[in-house]
Amino acid sequence: MDNLKYKGYCGSVESSEDDHCLFGKVLGMNKDFITYEGSTIEELKSDFEGAIDDYLSSCKDRKVEPTIAFSGL
């Protein structure tokens, strides 16, 4: 699995042998920085989707437009 995709956002999938975990960040974001992690692909995907949902909810609560993910990915 190269990337995760959810609601128009794309995220990286990386691993850390030192920490024995998977992690990533949402790609194509200039201003905002969204990261996620998990011990399994399922946990990573769940945390990624939750991070996107939290970000969109936070933007709505603050009445700001969410950063649109870079569409070339």
Side-chain angles (χ1 to χ4, degrees):
M1 175 179 289
D2 293 330
N3 292 310
L4 299 171
K5 293 184 173 136
Y6 182 66
K7 293 188 176 179
Y9 292 88
C10 185
S12 65
V13 176
E14 301 181 49
S15 65
S16 170
E17 290 185 27
D18 292 338
D19 297 329
H20 304 288
C21 74
L22 300 168
F23 65 96
K25 67 179 180 178
V26 175
L27 304 171
M29 305 284 279
N30 293 329
K31 184 174 76 169
D32 300 306
F33 190 69
I34 304 171
T35 62
Y36 44 90
E37 65 180 55
S39 297
T40 65
I41 290 293
E42 292 80 18
E43 286 179 10
L44 183 71
K45 184 176 178 185
S46 177
D47 200 45
F48 167 69
E49 292 175 358
I52 296 296
D53 289 339
D54 288 347
Y55 170 69
L56 294 173
S57 178
S58 172
C59 288
K60 183 178 179 181
D61 291 345
R62 295 179 291 132
K63 295 179 173 59
V64 298
E65 285 294 315
T67 299
I68 303 300
F70 179 66
S71 61
L73 298 174

Subject >> Audit row: T67, N30, side-chain contact (heavy atoms from CB on, under 4.5 Å) steps and yes/no >> reply: CA-CA 8 Å; T67 299; N30 293 329; 5.6 Å; no
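- A salt bridge (charged side-chain N to carboxylate O under 4.0 Å, His left out) check over residues 17-33, counting only residues at least two apart or in different chains, returns nothing.
- Contact between A51 and I34 at its shortest, heavy atoms only, is CB-CG2, 3.6 Å.
- Note: the hydrophobic cluster containing V26 also contains V13 (ILVMFWY, side chain heavy atoms under 4.5 Å, direct or indirect links).
- Not counting sequence neighbours, S15 has no partner by the side-chain hydrogen bond (donor to acceptor under 3.5 Å, both in side chains) test.
- Sorted by first and then second residue, the ring-ring contact (aromatic ring centres under 6.0 Å, His included) pairs involving residues 30-52 (not counting sequence neighbours) are Y36-F48.
- To the nearest 0.5 Å, atoms OH (Y9) and CG (L27) are separated by 12.5 Å.
- Taking each heavy atom of L56 and P66 in turn, the nearest pair found is CD2-CB, 3.8 Å.
- With rounding to the nearest 0.5 Å, the separation of NZ in K45 from CG in L22 is 14.0 Å.
- Here the closest non-hydrogen pair linking C10 and N3 is SG-CB, 3.5 Å.
- Residues meeting the side-chain hydrogen bond (donor to acceptor under 3.5 Å, both in side chains) test with D53, sequence neighbours left out: Y6, K7.
- Atoms CG and CD1, from L4 and I41 in turn, are 7.0 Å apart once rounded to the nearest 0.5 Å.
- From K5, atom NZ reaches atom CD1 of I52 across 13.0 Å, with rounding to the nearest 0.5 Å.
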